[in-house]
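Structure, as structure tokens:
Only this structure's heavy atoms are used, side chains among them; waters, hydrogens and symmetry mates stay out. No experiment lies behind these values; they were computed from the predicted model shown.
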Amino acid sequence: MKKKNSDSQKCEYCSGDGYFQLLLGGSETCSCCGGTGKRKE
């Protein structure tokens, strides 16, 4: 059974942000969702 709320649509790798914050500064686009923050179905 799938949940149909906003949490189920978020990319689980970047938590829906669309990017990762790097330790040395700056950010990198999430390669899983392509920066959209939404999970690919």
Side-chain angles (χ1 to χ4, degrees):
M1 193 183 323
K2 282 188 173 183
K3 288 197 280 183
K4 284 288 185 183
N5 60 15
S6 61
D7 284 347
S8 67
Q9 297 298 318
K10 284 185 180 179
C11 175
E12 58 270 8
Y13 296 103
C14 64
S15 300
D17 291 331
Y19 62 91
F20 293 107
Q21 201 67 34
L22 300 176
L23 293 175
L24 299 175
S27 60
E28 184 176 310
T29 303
C30 178
S31 59
C32 181
C33 66
T36 63
K38 294 185 179 181
R39 191 172 62 181
K40 291 182 181 178
E41 302 254 354

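The two atoms that bring Lys10 and Arg39 nearest to each other are O-CB, 3.7 Å, heavy atoms only.
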Give every donor-acceptor pair under 3.5 Å between a side-chain atom in residues 18-27 and any protein atom, sequence neighbours left out.
unit_1	atom_1	unit_2	atom_2	d
Gln21	NE2	Gly26	O	3.1

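Interatomic distance, OH of Tyr13 versus SG of Cys30, reported as 9.0 Å (0.5 Å rounding).
Under the side chain to side chain contact (heavy atoms under 4.5 Å, CB included) criterion, Thr36 pairs with Cys33, Lys38, sequence neighbours left out.
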